[in-house]
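Every heavy atom of this structure was used, including side-chain atoms; hydrogens, water molecules and symmetry mates were not.
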Amino acid sequence: MNPTSPILHGAERSPLGQPVAYRDTYAPELLFPIDRQLKRDELGIDGSRLPFVGADLWNAYELSWLNPRGKPVVALARFEVPATSPRLIESKSLKLYLNAFNQSRFASAGEIATLIRTDLSAAAGAPVELVLTPLSAQPQRAAAYPAGVCIDELDIDIDTYQPAPELLATVAGGGEVEETLYSHLLKSNCLVTGQPDWGMVGVRYRGALIDRAGLLRYIVSFRQHNEFHEQCVERIYCDLLSRCRPAALLVWARYTRRGGLDINPWRASTAQMHPGDAMEIRQ
């Protein structure tokens, strides 16, 4: 993206759901930023005073370029877009952008990393952190389950498949607790194409005991909801904060891979509640 080019605020003009010719040489103009505040307005979030800290953690598995002699190099990339950035980056545009490196020659992985960091920061409107590791360095990622309680086996009836914050409640007389709950039953749909997005969602909190059955019903209520990954996590965070009023709260999601990318947003009351970097088993 050229930093002087106009910002396209909504998702309706994104390349999602449209036939797009793949480019195979460096093309930063392919990145498509989307204004975060449009969806935050729905949640009553004041953009100048966010009720959370956090980031969108991306892992890219389809990145390649040519060295100066024309030999391909393949690498993994991990980058972090801060929740304070005014714009998120639409995922298909990022896939197209990364694939556009395929037939371009670069002297080093460091040169590629500098370009990507610069372009993503311009698109997001804030500094983006980036780690790029060629496969020759044998990078590793570990899959793990959250250190908490999975609520998926609760034997309950569910009949609501659009977000219903009224399902969230605390347990009277339950006292104050500190716990981590998680579910693999999160499913939402792409805001533009309607294609399913699958993920694990975790909730770590300190405060009045949250009713687990209500929480599971609420998580499943996203099943027919159309919204981007980052927006779903912010909605869950805000609904829990409003309905259950915890003293401390972390909400994070690990979405399954699509187009060589996985997206892992997290939002928390403090930066110290960072969820870590373990992969979800389906990623």
Side-chain angles (χ1 to χ4, degrees), residues 8-20 31-45 52 54-62 81 83 87-97 150-152 156-168 181-203 214-240 243 251-267 279-283:
L8 303 177
H9 293 285
E12 66 281 352
R13 295 178 64 184
S14 82
L16 273 173
Q18 302 179 25
V20 179
L31 289 170
F32 188 92
I34 295 174
D35 190 344
R36 292 189 192 270
Q37 195 56 43
L38 295 176
K39 275 290 182 176
R40 287 175 174 174
D41 285 342
E42 292 183 13
L43 301 174
I45 295 175
F52 45 67
D56 308 326
L57 307 178
W58 296 66
N59 292 289
Y61 303 91
E62 298 177 5
V81 182
R87 300 180 290 274
L88 60 84
I89 300 170
E90 188 273 312
S91 60
K92 184 175 179 180
S93 79
L94 180 57
K95 172 187 176 180
L96 294 170
Y97 164 78
C150 181
I151 59 175
D152 293 346
I156 58 175
D157 293 326
I158 298 178
D159 60 6
T160 302
Y161 304 107
Q162 288 289 349
E166 64 273 12
L167 294 170
L168 296 168
L181 307 174
Y182 68 95
S183 171
H184 298 286
L185 303 187
L186 177 63
K187 174 196 168 287
S188 55
N189 303 312
C190 173
L191 180 62
V192 177
T193 66
Q195 293 183 1
D197 294 320
W198 306 92
M200 182 279 295
V201 61
V203 175
L215 176 60
L216 184 58
R217 290 189 177 98
Y218 170 76
I219 291 169
V220 174
S221 75
F222 279 75
R223 197 166 180 84
Q224 293 182 324
H225 181 59
N226 297 339
E227 207 163 43
F228 291 137
H229 306 67
E230 302 92 332
Q231 297 162 348
C232 287
V233 169
E234 291 189 1
R235 185 176 297 276
I236 294 169
Y237 181 94
C238 289
D239 286 346
L240 279 165
R243 302 288 300 188
V251 175
W252 78 101
R254 298 275 188 256
Y255 280 93
T256 58
R257 193 181 311 180
R258 181 192 290 177
L261 298 165
D262 65 51
I263 309 174
N264 309 276
W266 67 277
R267 303 291 185 266
M279 295 174 61
E280 207 269 333
I281 192 66
R282 292 176 294 175
Q283 291 182 315

**Q** For the backbone of His184 and the side chain of Asp152, can you confirm whether one donor and one acceptor N or O come within less than 3.5 Å of each other?
**A**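 Such a contact is found between Asp152 side chain and His184 backbone.
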**Q** What is the minimum heavy-atom distance between Arg257 and Asp262, and which atoms define it?
**A**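 For Arg257 versus Asp262, the nearest heavy atoms are CA-CB, 4.1 Å.
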**Q** Would Ile45 and Arg36 count as a side-chain contact (heavy atoms from CB on, under 4.5 Å) if you check the C-alpha gap in whole Å, the side-chain angles of each, and the deciding distance to 0.1 Å?
**A** CA-CA 10 Å; Ile45 295 175; Arg36 292 189 192 270; over 6 Å; no
**Q** Would you name the heavy atoms of Arg223 and Lys187 that are closest together and state the gap between them?
**A**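 Closest pair (atom of Arg223, atom of Lys187, distance): O-NZ, 2.6 Å.
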**Q** Please give me the minimum heavy-atom distance between Asp197 and Cys190, naming the atom from each residue.
**A**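 In this case the closest contact between Asp197 and Cys190 is OD2-N, 3.5 Å.
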**Q** Report yes if some heavy atom in the side chain of Ile89 is under 4.5 Å from a heavy atom in the side chain of Tyr97; otherwise report no.
**A** no
**Q** Please round to the nearest 0.5 Å and tell me the distance separating atom CG of Leu186 and atom CG of Leu216.
**A**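 Interatomic distance, Leu186 CG to Leu216 CG, rounded to 0.5 Å: 11.0 Å.
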**Q** To the nearest 0.5 Å, tell me how far Leu167 CG sits from Ser221 OG.
**A** 6.0 Å
**Q** Okay, side chain of Gln162, backbone of Gln224: is any donor-acceptor separation there less than 3.5 Å?
**A** yes
**Q** For Pro196 and Asn189, work out which heavy atoms get closest and say how close.
**A**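 Between these two residues, the closest heavy atoms are CA-OD1, 3.5 Å.
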**Q** Tell me, with the steps shown, if Glu166 and Arg243 meet side-chain contact (heavy atoms from CB on, under 4.5 Å).
**A** CA-CA 8 Å; Glu166 64 273 12; Arg243 302 288 300 188; 3.9 Å; yes
**Q** Hey, could you give me the SG/OH distance between Cys232 and Tyr255, rounded to the nearest 0.5 Å?
**A**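 Between Cys232 SG and Tyr255 OH, I get 4.0 Å after rounding to 0.5 Å.
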**Q** Are Glu230 and Arg267 packed together at the side-chain level, in the sense that at least one heavy-atom pair is separated by less than 4.5 angstrom?
**A** yes
**Q** Strictly below 4.0 Å, N to O, side chains only: are Glu234 and Lys39 in salt-bridge contact?
**A**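 Salt bridge flag = no for Lys39 with Glu234.
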**Q** Do Ile158 and Ile156 come within less than 4.5 Å of each other through their side chains, counting heavy atoms only?
**A**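 Sidechains of Ile156 and Ile158: in contact.
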**Q** Nearest 0.5 Å, what's the OH-CD distance between Tyr182 and Glu280?
**A**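 Nearest 0.5 Å value for the OH-CD distance: 9.5 Å.
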**Q** When rounded to the nearest 0.5 angstrom, what distance separates CG in Asp56 from CZ in Phe228?
**A**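 Interatomic distance, Asp56 CG to Phe228 CZ, rounded to 0.5 Å: 12.0 Å.
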**Q** Does any non-hydrogen side-chain atom of Met200 lie less than 4.5 Å from one of Trp252?
**A** yes
**Q** Looking at side-chain heavy atoms only, is the closest gap between Pro265 and His229 below 4.5 Å?
**A** yes
**Q** Please answer whether the main-chain N or O of Leu57 pairs with a side-chain N or O of Asn264 as donor and acceptor at a distance below 3.5 Å.
**A**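 Here the side-chain-to-backbone pair exists.
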**Q** State, with a plain yes or no, whether a side-chain heavy atom of Val251 is found less than 4.5 Å away from one of Phe52.
**A** no
**Q** If you compare all heavy atoms of Arg235 against all heavy atoms of Tyr218, which two are closest, and at what distance to 0.1 Å?
**A** O-OH, 3.6 Å
**Q** Write down the atom of Ala253, the atom of Val233, and the distance for their closest heavy-atom approach.
**A** CB-CG2, 3.6 Å
**Q** Do Leu88 and Val81 come close enough that some side-chain heavy atom pair is under 4.5 Å?
**A** no
**Q** A side-chain contact here means heavy atoms from C-beta on lying under 4.5 Å apart; do Phe32 and Leu96 qualify?
**A**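 No, too far: nothing below the 4.5 Å cut-off.
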**Q** Show, in sequence, the C-alpha distance, side-chain angles and deciding distance for Val201 and Phe222, and conclude whether the side-chain contact (heavy atoms from CB on, under 4.5 Å) test is met.
**A** CA-CA 12 Å; Val201 61; Phe222 279 75; over 6 Å; no
**Q** Could you grab the distance from atom CD1 of Ile219 to atom CG of Leu185, nearest 0.5 Å is fine?
**A** 7.5 Å
**Q** Could you walk me through whether Arg217 and Thr160 satisfy the side-chain contact (heavy atoms from CB on, under 4.5 Å) test, starting with their C-alpha distance in whole Å, then the side-chain angles of each, then the deciding distance to 0.1 Å, before giving a yes or no?
**A** CA-CA 7 Å; Arg217 290 189 177 98; Thr160 302; over 6 Å; no
**Q** Do you see a donor-acceptor pair shorter than 3.5 Å between the side chains of Asn59 and Gln283?
**A** no
**Q** Look at the side chain of Arg258 and the backbone N and O of Lys92, then say whether any donor-acceptor pair between them is shorter than 3.5 Å.
**A** no
